[in-house]
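Okay, so here's the structure we're looking at.
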Amino acid sequence: MLDIRLIRENPDFFATETAKRNSAVDINQVVQLDAQRRQKVVEVDALKAQRNEASKKIGQLKKAGEDAESAVLEMRQVGEKIAELDGEIRQIAQELEELILHIPNVAHESVPEGQNPEDNVVERTWGAPVERDFEAIDHKTLGENLNIFDFERGAKISGSGFPVYRGLGARLERALIQWFLDCHTQKWGFEEVIPPYLVNRKSMTGTGQLPKFAEDMYACDKDDDLFLIPTAEVPVTNFFADEILDAKSLPQKLCAYSACFRREAGSYGKDTRGLLRLHQFNKVEMVYFSHPEKSWEDHEELVGFAEQLLQDLGLHYRVLNLCKGDLGFSAAKCYDLEVWAPVENNWLEVSSVSNFVDFQARRARIRTRIDGKNTFAHTLNGSGLATPRVMVAICDNYQQADGSLVIPEVLRPYMGGLDVIRPDK
RNA sequence: GGAGGGGUGGCCGAGUGGUUGAAGGCGCACGCUUGGAAAGCGUGUUUACAGCAAUGUGACGAGGGUUCGAAUCCCUCUCCCUCCUCCA
């Protein structure tokens, strides 16, 4: 959520910047509603001041046993006027809030201009494509041959987009998750949390999934008003909602494994093969609660952690600085990490590392006290990492001519020392 | 699911219709005291909105109602605790 005071001071800037991010919200209307609301507040505050004073006098009169009837009658009328104005203010405020909740964040100055994915800027590339002398097969075929994925049974149980990992595939998936978590907690100082997978409406609004993106989420029965999390970002960022964090404790670094659930409405038929786009997948998420003056440094550090994972896996990847038009709703800046999948002949997004500055913090009321003043903290997060496309990249890069799959070295301790998965197993 | 109890400031805790934004305590900050510290003493210490400011208004889990006036009375919801029931 943007600061209404800033919008009020510089409406043109916000109109231009939010338009670049495909916002449909009319900033003019926002400014007008805000002015209306404030004008009525001033009006009603004056009436309330009058009433408070009169009430005090009435109390004194009654205590002294004197007649206060005329003042009571007069105040009854003032009370009615106050109720009327309060109602109008509430309605305007609601309308205003609804609009503001739909306005995207404003991008940082280092974010490239642009509307399309082609306008994203490649910041750097690491590694190089594998070289080999045989025709590699796609991960779906490879995985089914090796009996490590079962897409048909997943579809039977739940539908397409719900894969089953089986046997050594299940173990490999678990190895990835555990190795990710161990890096975060043992090497980089994150505290691990295991959050709820169902969250309430307030939490979904706090991180910016609601109200705008309701159709992207699985929702439970209306009576419960609970939503399946699309990412651990939601429960973990809301961990400190409504709290005031000690500035000395920042950045607070939390990480979490969770299953993630996404309806992927509107992307039917896109990347449907195998593990490329799923309704349920596994991800380890990193979340930072940062000092407002340090969040940009922290953002670079965070993307570094995600990159380190890919480097340790020996996977060729690139880092994109997303342009304004491609940036997620809540982010002020976002790096996407894309891993090279040679069989797909494509770059696959495996991580998004975002700085939301105070956008989520204002919605979720996550604050910190700086020089005696309460200020919104900055929130950041990054995938570290989402497993499915990493698994695709491993399949694409680590398969051998005989149809076996070599286990990346860092994962072998988590596989009981196993170094290769063979078709006969 | 049934019965009961409770949500007040950073924390504990008083307060059942009228200068109570809130006693008292703890904690914290600053000052005095000290060679230094502790103790002691003094002062200060919630937050949002409007305003250049003085100041005004709102907020005692949330929302609604009664009243000239609500932390205090009524209704709905929510969360926590205890007991019973049920269950991995």
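Every chain is numbered from 1, with letters handed out A, B, ... down the list of sequences. Values reported hereafter were calculated over all heavy atoms of this structure, with side chains retained and with hydrogens, waters and symmetry mates removed. The shown structure was predicted, so the numbers you read here are calculated from the model rather than taken from an experiment.
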What's the CZ-C1' distance between A:R5 and B:C49, to the nearest Å? 9 Å
Decide yes or no on salt bridge (Lys or Arg N to Asp or Glu O under 4.0 Å) for A:K324 and A:E17, but give the supporting numbers first. CA-CA 9 Å; A:K324 290 182 180 176; A:E17 282 303 308; 3.1 Å; yes
Distance, rounded to the nearest Å, where A:E243 contributes CD and B:U47 contributes P: 17 Å
Qualifying residues under ring pair (Phe, Tyr, Trp, His ring centres under 6.0 Å), relative to A:F305, sequence neighbours excluded: A:W188, A:F190
Can you check the distance between B:A71 and B:C60, where both ends of the measurement are the P atom (answer in whole Å)? 6 Å
Base, sugar-phosphate, or nothing for A:R362, non-hydrogen atoms under 4.0 angstrom? nothing
What's the gap between B:G36 and B:U20 when it is taken at their C1' atoms, as a whole Å value? 43 Å
By ring pair (Phe, Tyr, Trp, His ring centres under 6.0 Å), which residues pair with A:F289, not counting sequence neighbours? A:F240
Say we look at B:C79 and B:C28: how far apart would their P atoms be, to the nearest angstrom? 35 Å
I'd like to know if the side chain of A:E192 pairs up with that of A:Y257 as donor and acceptor (distance under 3.5 Å, no hydrogens or angles considered). no
Rounded distance in Å between the C1' positions of B:G21 and B:A59: 9 Å
With sequence neighbours left out, write down each residue that passes salt bridge (Lys or Arg N to Asp or Glu O under 4.0 Å) with A:R412, or none if nothing qualifies. none
Protein and nucleotides 55-64 of chain B: nitrogen or oxygen contacts under 3.5 angstrom:
| from | atom 1 | to | atom 2 | distance (Å) |
| --- | --- | --- | --- | --- |
| B:G56 | N2 | A:D45 | OD2 | 3.3 |
| B:U57 | OP1 | A:N52 | ND2 | 3.0 |
| B:U57 | O2' | A:D45 | OD1 | 2.7 |
| B:G58 | OP2 | A:N52 | ND2 | 3.4 |
| B:G64 | OP1 | A:R90 | NE | 3.4 |

Would you measure the distance from the C1' atom in B:G15 across to the matching atom in B:A53 and give it in whole Å? 35 Å
Under the salt bridge (charged side-chain N to carboxylate O under 4.0 Å, His left out) rule, what pairs show up with a residue in residues 351-361 of chain A, not counting sequence neighbours? A:D358-A:R362
Ignoring hydrogens, what is the shortest heavy-atom contact between A:L181 and A:A256? Give both atom names and the distance. CD2-C, 4.3 Å
Taken to the nearest whole Å, CG/A:D34 to C1'/B:A50 is 11 Å
Return one dot-bracket line describing RNA chain B 5' to 3' (Watson-Crick or G-U wobble pairs, both distances under 3.5 Å; ( ) same strand, [ ] crossing, | another strand, . none). ((((((((.[[[..)..(.....]]]((((((.......))))))(((((....))))).[[[[[..)....]]]]])))))))....
For nucleotides 8-12 of chain B, list the nitrogen or oxygen atoms of the protein found under 3.5 Å from its nitrogen or oxygen atoms, one pair per line.
none

Could you tell me if A:E300 and A:Y335 have a donor-acceptor pair between their side chains, going purely by distance under 3.5 Å? yes
Salt bridge (charged side-chain N to carboxylate O under 4.0 Å, His left out) contacts in which one or both residues fall within residues 155-184 of chain A, not counting sequence neighbours: A:D150-A:R166
Which pairs, protein N/O on one side and nucleotides 16-19 of chain B N/O on the other, fall under 3.5 Å?
| from | atom 1 | to | atom 2 | distance (Å) |
| --- | --- | --- | --- | --- |
| B:G18 | N2 | A:S55 | O | 2.8 |

Quick one: CZ on A:F281 to CE on A:M391, what's the gap to the nearest 0.5 Å? 14.0 Å
In whole angstrom, give me the gap between the C1' atoms of B:A22 and B:G17. 15 Å
Does a donor on one side chain sit under 3.5 Å from an acceptor on the other, for A:S295 and A:D298? no
A:I82 CD1 - B:U67 C1' separation (whole Å): 13 Å
How many Å lie between NZ on A:K81 and P on B:C68, as a whole number? 19 Å
Residue pairs, two or more places apart or on separate chains, that pass side chain to side chain donor-acceptor pair (under 3.5 Å) and touch residues 77-88 of chain A: A:K40-A:E88, A:K48-A:D86
For atom P, what is the distance between B:G69 and B:A14, given to the nearest Å? 30 Å
On a whole-Å scale, what distance lies between the P atoms belonging to B:U66 and B:U72? 15 Å
If you find the nucleotide of RNA chain B closest to A:L73 and the one closest to A:R367, which residue's nucleotide is nearer the 5' end? A:R367
Please list, chain by chain and in numerical order, all residues satisfying ring pair (Phe, Tyr, Trp, His ring centres under 6.0 Å) with A:F329, sequence neighbours excluded. A:F213, A:F359
In whole angstrom, give the distance that lies between atom CZ of A:R365 and atom P of B:A48. 8 Å
Rounded to whole Å, CD of A:Q77 lies from P of B:G69 at a distance of 13 Å
For residues 23-30 of chain A, please give each side-chain donor-acceptor pair under 3.5 Å, one per line with the distance, not counting sequence neighbours.
| from | atom 1 | to | atom 2 | distance (Å) |
| --- | --- | --- | --- | --- |
| A:S23 | OG | A:V25 | N | 3.1 |
| A:D26 | OD1 | A:N28 | N | 2.9 |

Value in whole Å for how far the C1' atom of B:C79 lies from NZ of A:K202: 12 Å
Relative to the ring of A:H139, is the ring of A:F151 parallel (under 30°), tilted (30 to 60°) or perpendicular (over 60°)? perpendicular
